[in-house]
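Report on the structure given below.
Atom set for the values below is all heavy atoms of this structure, side chains included, hydrogens, waters and symmetry mates excluded. Predicted model only: the values in this text are computed from it and were never measured. One-based numbering along the sequence shown.
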Amino acid sequence: MTDDGRWPLSRFLLVGVTIAIAACLPLQLYIIFGPSDGNPIGLGLLAAMGILLALIVFVTGLIKRLIRYFME
């Protein structure tokens, strides 16, 4: 955190990328090591929701940055 208690844009980017990787990793591991005739619906939904959450975190950081830029 910065001195005023706010997260910088790089922190939002890092958290967003971490969420995206953590959500997609189980699906990728299943694709690599799982059975060839498997149907990982739950893992696909987890990956899709994780990417959406990561995008929301990143856009929130951008909006906060824009608000701070225009308010100063």
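Evaluation of the side chain to side chain contact (heavy atoms under 4.5 Å, CB included) rule for Ile56 yields Leu52, Thr60 as partners, not counting sequence neighbours. Shown here are the side chain to side chain contact (heavy atoms under 4.5 Å, CB included) partners of Ala23, two or more places apart in sequence or in another chain: there are none. In this structure, the side chain to side chain contact (heavy atoms under 4.5 Å, CB included) partners of Ile31, at least two apart in sequence or on a different chain, are Leu27, Gln28. When the side chain to side chain contact (heavy atoms under 4.5 Å, CB included) test is applied to Leu62, the partners found at least two apart in sequence or on another chain are Leu9, Phe58.
Think of Val59 as one node in a network of Ile, Leu, Val, Met, Phe, Trp and Tyr side chains linked at under 4.5 Å; its network also takes in Leu55, Ile63, Ile67, Met71. Here Leu29 sits in one hydrophobic cluster together with Leu25, Ile32, Phe33; the rule is ILVMFWY side chains under 4.5 Å apart, joined directly or through other members.
In this structure, Leu46 CG and Ile41 CD1 are separated by 13.5 Å, a value rounded to the nearest 0.5 Å.
Minimum heavy-atom separation, Gly38 to Tyr30: CA-OH, 3.3 Å.
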Q: For side-chain contact (heavy atoms from CB on, under 4.5 Å), just list the numbers for Phe12 and Lys64, CA-CA rounded to whole Å, side-chain angles, deciding distance to a tenth of an Å, and then say yes or no.
A: CA-CA 10 Å; Phe12 278 98; Lys64 288 181 72 155; 3.9 Å; yes
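Linking Ile, Leu, Val, Met, Phe, Trp and Tyr residues whenever their side-chain heavy atoms come within less than 4.5 Å leaves Leu14 and Ile19 in two separate clusters.
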